[in-house]
Amino acid sequence: MSTYVYGITAATHPSLPENTSGVGDPPRQVRILKEGALAAVVSDAPEGLRPKRRELLAHQNVLSEIGADGCVLPMRFGSVAPDDQAVTGVLAERAEHYAERLKALDGRVEYNIKANHVEEAVLHHVMASNPEIRALAESNRQAGGGTYETKIQLGEMVAAAVKDKEAEDATALERALEPAADAVSVGPESTGWLANVSFLVKREVADEFLAAVERARGHMPHLEVRVNGPLPPYSFVEPGPAEPAGTAAGGADAEAG
């Protein structure tokens, strides 16, 4: 039987309430595996587990239950190990890393920030700040729209300028928010977003971080900024004791909030 891993805690962490249930239909019983100074919160892994909302919420509910009594290193939805022994083996092998992460993440949460351009606003900005693009656009207008070649040229110039602006704004947004966070983790590129960045924030100063987000929105009104959080600090745990299973990887923090 494969083992589903929800998170890692200190072995001294308070026990879970009796009959705590996790993912699966019927829900699997959650249990604790201890190895040295560490413990893994696990259950049997259901076959054919998919990132449906019910399962994502079950995963997050277990993490919330554990996290209510102290620090937990959250695993992403779908983290499955071959068996219990494989989990405890990894706990032993990476004991120093996990002990350091428990200390570093205690009392902290993750906020994921995604941003993209408001299309009309960024095109206005590109036109206003680039005299070559303005000149060609005006030339085409006076020529009744311009030739096929000049239309293509204008489109390519605008696209390149927008791409440059995306990179510039992604850097500016990260720099604006970084002082309010303890750590930053840049996520993978995501279709439709120019920035995908996670910030590790002390729980007691979360309001200050959110205020920094609002200031950034005010300074960059041509950006649409999406905030997802507070989340368990998924992006600051790696490596975990099990690989996320297939398409389920990373689903919990992205979809169940």
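Since the model is a prediction, treat every value here as computed from it, not as a measurement.
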Ignoring hydrogens and angles, state whether a donor on the side chain of Asp69 or His13 is under 3.5 Å from an acceptor on the partner side chain.
-> no
Co-membership, hydrophobic cluster, residues Val23 and Val72, 4.5 Å side-chain | yes
Is there a side-chain contact between Val41 and Val62 (heavy atoms, below 4.5 Å)?
-> yes
From Asn116 CG over to Asn196 CG, what is the distance, rounded to the nearest 0.5 angstrom?
-> 11.5 Å
Evaluate the side-chain contact (heavy atoms from CB on, under 4.5 Å) criterion for residues Val184 and Leu200: first the C-alpha distance (whole Å), next the side-chain angles of each, then the deciding distance (0.1 Å), finally the verdict.
-> CA-CA 6 Å; Val184 178; Leu200 185 67; over 6 Å; no
The single option from Arg53, His59, Arg54 that satisfies side-chain contact (heavy atoms from CB on, under 4.5 Å) with Leu57 is Arg53
Roughly how far, to the nearest 0.5 Å, is the CD atom of Glu65 from the OH atom of Tyr6?
-> 12.5 Å
May I ask you to check whether over 12 heavy atoms, not counting those of Gln29, lie within 6.0 Å of atom CD?
-> yes
For Tyr4 and Gly78, work out which heavy atoms get closest and say how close.
-> OH-N, 3.0 Å
Decide yes or no for Leu123 and Glu119: does some side-chain heavy atom of the first lie under 4.5 Å from some side-chain heavy atom of the second?
-> yes
Gap separating the CD1 atom of Ile66 from the OG atom of Ser15, nearest 0.5 angstrom | 11.5 Å
Leu33 versus Leu91, closest heavy-atom pair with distance | O-CD1, 4.1 Å
Please report the closest heavy-atom contact between Pro233 and Glu110, naming both atoms and the distance.
-> C-OE1, 3.2 Å
Side chains of Ser139 and Thr150 in contact at under 4.5 Å (non-hydrogen atoms) = no
Please examine the side chains of Glu174 and Val186, heavy atoms only from C-beta on, and report whether any two atoms are closer than 4.5 Å.
-> yes
Which atom names give the shortest non-hydrogen contact between Pro221 and Gly218, and what distance separates them?
-> CD-O, 3.6 Å
Looking only at heavy atoms, what is the nearest atom pair of Phe77 and Pro51, with distance?
-> CE2-CA, 3.6 Å
Given Glu168 and Lys165, is the salt bridge (Lys or Arg N to Asp or Glu O under 4.0 Å) satisfied, shown in steps?
-> CA-CA 5 Å; Glu168 176 187 326; Lys165 185 62 177 167; 3.2 Å; yes
Looking only at side chains, do Asn112 and Lys114 share a donor and an acceptor under 3.5 Å apart?
-> yes
Transitive ILVMFWY side-chain link Phe199 to Tyr234, under 4.5 Å | no
Could you go step by step and tell me if Val109 and Phe209 meet the side-chain contact (heavy atoms from CB on, under 4.5 Å) rule?
-> CA-CA 11 Å; Val109 293; Phe209 178 80; over 6 Å; no
Working for salt bridge (Lys or Arg N to Asp or Glu O under 4.0 Å), residues Lys163 and Glu166 = CA-CA 5 Å; Lys163 188 173 182 179; Glu166 287 179 349; over 6 Å; no
List the atom of Ile8, the atom of Leu102, and the distance in Å for their closest heavy-atom pair.
-> O-CD2, 3.8 Å
Given Thr3 and Asp83, is the side chain to side chain donor-acceptor pair (under 3.5 Å) satisfied, shown in steps?
-> CA-CA 5 Å; Thr3 301; Asp83 52 33; 5.9 Å; no
Show your reasoning for whether side-chain contact (heavy atoms from CB on, under 4.5 Å) applies to Ile133 and Val126.
-> CA-CA 8 Å; Ile133 291 178; Val126 163; 3.7 Å; yes
Quick check: does any side chain N or O of His117 sit under 3.5 Å from a backbone N or O of Val162, one acting as donor and the other as acceptor?
-> no
Rounded to the nearest 0.5 Å, how far apart are CZ of Arg226 and CG of Leu223?
-> 15.0 Å
Within 6.0 angstrom of Gln142 CD, more than 12 heavy atoms from elsewhere | yes
ILVMFWY cluster, Leu173 and Trp193 together (side-chain gap under 4.5 Å) | no
Check: Ser21 and Arg28 side chains under 4.5 Å, non-hydrogen atoms | no
Side-chain heavy-atom pair Arg101, Val237 within 4.5 angstrom cut-off | no
To the nearest 0.5 angstrom, please state how far the CG atom of Leu136 sits from the CG atom of Leu154.
-> 5.0 Å
Determine whether Leu16 and Leu63 fall in the same hydrophobic cluster, where Ile, Leu, Val, Met, Phe, Trp and Tyr are linked whenever their side-chain heavy atoms lie under 4.5 Å apart.
-> yes
More than 12 non-hydrogen atoms from neighbouring residues, nucleotides or ligands closer than 6.0 Å to CD on Glu96, yes or no?
-> no
Value rounded to 0.5 Å, distance of CE in Met157 from CD1 in Ile152 = 13.5 Å
Any side-chain heavy-atom pair of Val42 and Ile32 under 4.5 Å | no
Can Val225 be reached from Leu210 by stepping across I, L, V, M, F, W or Y side chains whose heavy atoms are under 4.5 Å apart?
-> yes
Mark yes or no for whether Arg217, through its side chain, and Arg215, through its backbone, hold a donor-acceptor pair below 3.5 Å.
-> no
Side chain proximity check, Arg50 to Glu55, heavy atoms < 4.5 angstrom | no
Scan side-chain atoms only and decide if Ser198 and Tyr111 contain a donor-acceptor pair under the 3.5 Å cut-off.
-> no
Crowded around Glu93 CD? As in, over 12 foreign heavy atoms under 6.0 Å?
-> yes
